[in-house]
Amino acid sequence: MIVRTAKLSDIPAINRVVQRTYPKMDDYSFDELRGQINNFPDGQLVAVYEDEVVGYCATICLPEEQVMGQHSWAQISGNGYGSTHDIDGDYLYGYEICVDPDARGLRIGRRLYREREALAVKLGLKGIVFVGRIPGLRRRYKQFGSAQAYVEAVADKSIRDRVLSFQLSQGYELLGVMKGYLPDDRDSMGYGAHLIWRNPEYKYREDVVGDSHVHLQRRNTVRIATVQYMQRAVDSFDEFAQIVTYFVRETADAKSDFVVFPELFTVQLLSIKNEELRHRAAIWRLADFTDDFRELMADLAVRFNINIIAGSTPTVVGEELQNIAYVYLRDGSEHLQPKIHPTPGERHYWNIEGGSSLNAIETDCGPIGVLVCYDSEFPELSRHLADQGINILFVPFSTEDRAGYLRVRYSAHARAVENQIYVATSGNTGNLPRVHAMDLHYAQSGIFTPCDFAFARDGIAADTTANAEQVAIADVRLDTLHEARTSGSVQNMLDRRHDLYRVQWKPRRPKSTGASTTGAKPGGARSTTKS
């Protein structure tokens with residue numbers, strides 16, 4: 001039996017534990033679990049017994065006034081993503097703990113509580129706060145007349161509640177009752193017991209000026225390169241490969257961690273035979289190059305030790321055609337991100353279909369996201385990625401005129417401001433006279449930041465000259481980004497009204513019990529501290 005920090009590879013196993021623990025409630029989506037781990041890697045714990053994940057515990061750091069004030073589970077946890085994590089918070093806040101029913105009797109709940117307390121001590125926090133279920137309340141409500149009277153009776157040991165009594169026995173102190181914490185928790189009537197564990201070591205802690213008690217586990221400085229790619233005729237795939245290899249090699253020699261290419265920059269390959277193809281025939285012909293393109297980019301990422309956001313290219317998926325962005329990491333892995341919203345032109349001329357998945361991608365520089373061109377103009381997509389913990393968003397684009405380019409530019413910068421992330425764009429320039437619907441190109445690529453004192457004056461870390469083939473490179477600091485989120489002039493990520501709105505990614509999967517998933521409960525209706 002071991003307790004360790006959760007990894008992204010644990011997500012399917014964690015999901016199974018949650019489903020088995022709460023068979024009548026909505027489980028977490030994989031995106032929510034990814035967000036929990038990415039937003040605060042040290043704070044998510046799993047219990048592993050005989051190589052099986054049998055328990056899970058989720059926490060975030062939050063300021064004292066937030067954990068002590070009135071709140072709901074959805075508000076405090078960022079609707080289950082853990083996106084409210086405050087790197088400079090005073091308390092560790094527990095918003096999930098669950099144990100596989102088949103593993104009960106091994107004191108797994110106690111082990112998770114102890115490890116959570118050890119984490120609070122390690123980080124020099126004041127203690128741990130959470131709101132636990134009181135499942136005996138409904139059955140005895142007439143006897144006591146109020147939730148407050150019920151929990152006081154449990155605290156006095158006059159009666160026993162199977163959850164609250166356990167938590168009190170673990171050294172947690174009752175602060176009071178939280179009304180409306182989990183509105184769909186029928187047994188608890190929506191109430192929760194507000195509990196605290198005080199760190200006995202906190203009085204010995206010494207503050208270090210300018211130093212947070214929670215540190216990033218990854219590098220602070222990340223170097224990003226964006227390629228503004230010139231469309232011109234080539235005679236063969238090998239000639240295309242030589243041009244792409246040049247840009248990868250040069251950006252790698254500049255010690256870049258990432259290089260991003262434009263959307264559909266592979267359209268250049270249609271100039272090899274220079275046929276007069278109509279729209280749909282041309283895009284399907286371009287899809288014939290997909291396998292060779294993937295092999296080339298995968299090789300370059302490993303050979304030059306650089307993470308490549310390889311723009312996008314049309315790809316056959318089943319019987320339909322999608323515009324898919326490819327990401328190749330220097331560890332040899334490949335990741336696909338379909339364009340969610342094809343433009344009216346893509347749908348009309350090429351019959352392109354939109355994808356239906358949007359996931360953060362874990363890299364050696366932290367989680368990133370990719371939105372292809374038009375997708376950057378839909379704010380809910382970047383918010384969904386931000387909830388999953390991304391720090392950098394890449395936007396490969398292809399536009400034919402200045403108006404189209406500006407839609408992407410302004411949208412990309414808005415995404416940087418509202419999510420407090422870095423956004424890198426990459427577009428095509430030049431002309432391909434015989435390629436219909438992709439013959440004209442206009443771009444001015446750039447790397448954008450939030451707008452605050454800690455960043456570049458105009459929120460632009462680097463940009464290019466319009467319509468000139470160029471590479472722009474910038475260093476971005478992740479610690480500066482996290483500091484802006486918690487202590488900047490504005491704190492968009494922390495100040496969201498989770499009590500009013502949220503982004504929920506597609507309907508959740510039905511339970512095997514037949515429970516309906518329509519009208520999903522706020523925040524997944526978590527049973528936060530049952531063990």
Side-chain angles (χ1 to χ4, degrees), residues 219-230 251 254-263 309 311 365-366 368-379 381-383 385-386 390-429 441-496:
R219 66 181 69 189
N220 276 329
T221 300
V222 176
R223 181 163 294 178
I224 300 172
T226 178
V227 176
Q228 187 157 284
Y229 193 88
M230 175 70 74
T251 53
K255 296 182 172 58
S256 299
D257 296 295
F258 294 96
V259 58
V260 54
F261 287 89
E263 176 191 26
I309 289 77
C365 300
I368 66 166
V370 177
L371 293 179
V372 181
C373 196
Y374 192 33
D375 284 345
S376 67
E377 300 175 31
F378 295 82
L381 297 185
S382 57
R383 178 53 51 85
L385 289 169
I390 71 163
N391 298 310
I392 305 171
L393 175 66
F394 293 94
V395 180
F397 72 93
S398 186
T399 52
E400 64 181 18
D401 55 34
R402 190 169 185 271
Y405 149 71
L406 288 175
R407 286 195 296 270
V408 175
R409 167 94 173 211
Y410 294 151
S411 296
H413 211 158
R415 307 296 83 85
V417 170
E418 67 200 15
N419 295 297
Q420 295 182 290
I421 57 177
Y422 298 114
V423 180
T425 65
S426 173
N428 292 303
T429 67
H441 300 90
Y442 186 104
Q444 186 177 2
S445 309
I447 301 168
F448 308 112
T449 76
C451 292
D452 210 337
F453 296 114
F455 304 99
R457 187 190 67 175
D458 299 321
I460 303 171
D463 63 358
T464 59
T465 302
N467 289 336
E469 187 168 58
Q470 285 185 338
V471 173
I473 299 178
D475 285 343
V476 297
R477 290 190 61 87
L478 302 184
D479 55 347
T480 302
L481 195 69
H482 286 267
E483 183 178 354
R485 290 174 181 172
T486 57
S487 58
S489 301
V490 292
Q491 297 162 30
N492 306 68
M493 286 295 286
L494 294 182
D495 289 341
R496 287 181 292 166

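Side-chain atoms are counted along with the backbone in the values below, which use heavy atoms only and exclude waters and symmetry mates.
Residues Pro450 and Ala416 share a closest heavy-atom pair of CG-O, 3.8 Å. Nearest approach of Leu385 to Gly369, heavy atoms of both residues: CD1-CA, 4.0 Å. The heavy-atom pair separating Cys451 from His413 by the smallest distance is SG-NE2, 3.9 Å.
Within 6.0 Å of the CD atom in Glu377, the count of heavy atoms belonging to other residues, nucleotides or ligands exceeds 12.
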For Val222 and Tyr422: C-alpha separation, side-chain torsions, deciding distance, then whether side chain to side chain contact (heavy atoms under 4.5 Å, CB included) applies. CA-CA 11 Å; Val222 176; Tyr422 298 114; over 6 Å; no
Under the side chain to side chain contact (heavy atoms under 4.5 Å, CB included) rule, what do Ile421 and Ile390 come out as? Steps first, then yes or no, please. CA-CA 8 Å; Ile421 57 177; Ile390 71 163; 4.1 Å; yes
Set out, in order, the CA-CA distance, both residues' side-chain angles and the distance that settles side chain to side chain contact (heavy atoms under 4.5 Å, CB included) for Tyr405 and Gln444, then state yes or no. CA-CA 8 Å; Tyr405 149 71; Gln444 186 177 2; 3.4 Å; yes
For side-chain hydrogen bond (donor to acceptor under 3.5 Å, both in side chains), just list the numbers for Ser398 and Asn428, CA-CA rounded to whole Å, side-chain angles, deciding distance to a tenth of an Å, and then say yes or no. CA-CA 6 Å; Ser398 186; Asn428 292 303; 3.2 Å; yes
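Panel note: side chain Thr399, backbone Tyr442; a donor-acceptor pair is recorded below 3.5 Å. A donor-acceptor pair under 3.5 Å is absent between the side-chain atoms of Glu263 and the main chain of Cys373, judged by distance alone. Within the 3.5 Å criterion, the main-chain N or O of Ala443 finds a donor-acceptor partner in the side chain of Asn467. Gln420 places a side-chain N or O within 3.5 Å of a backbone atom of Met493 that can act as its donor or acceptor partner. Gln228 contributes a side-chain N or O that, together with a main-chain N or O of Thr465, makes up a donor-acceptor pair within less than 3.5 Å.
A side-chain contact (heavy atoms from CB on, under 4.5 Å) with Phe397 is found for one member of Ser445, Ser426, Ser411 and no other, namely Ser445. With respect to Ile309, the side-chain contact (heavy atoms from CB on, under 4.5 Å) criterion is satisfied by exactly one of Ile392, Val260, Val395, Thr226: Val260.
Checked against the 6.0 Å centroid criterion, the rings of Phe394 and Phe258 qualify as a close aromatic pair.
In summary, Asp475 and Arg223 engage in a salt bridge, as defined by a charged side-chain N under 4.0 Å from a carboxylate O.
Taking CG of Asn419 as the start and CG of Asn391 as the end, the distance is 11.0 Å to the nearest 0.5 Å.
Between Phe261 and Tyr229, the ring-plane angle classifies as perpendicular under the 30° and 60° cut-offs.
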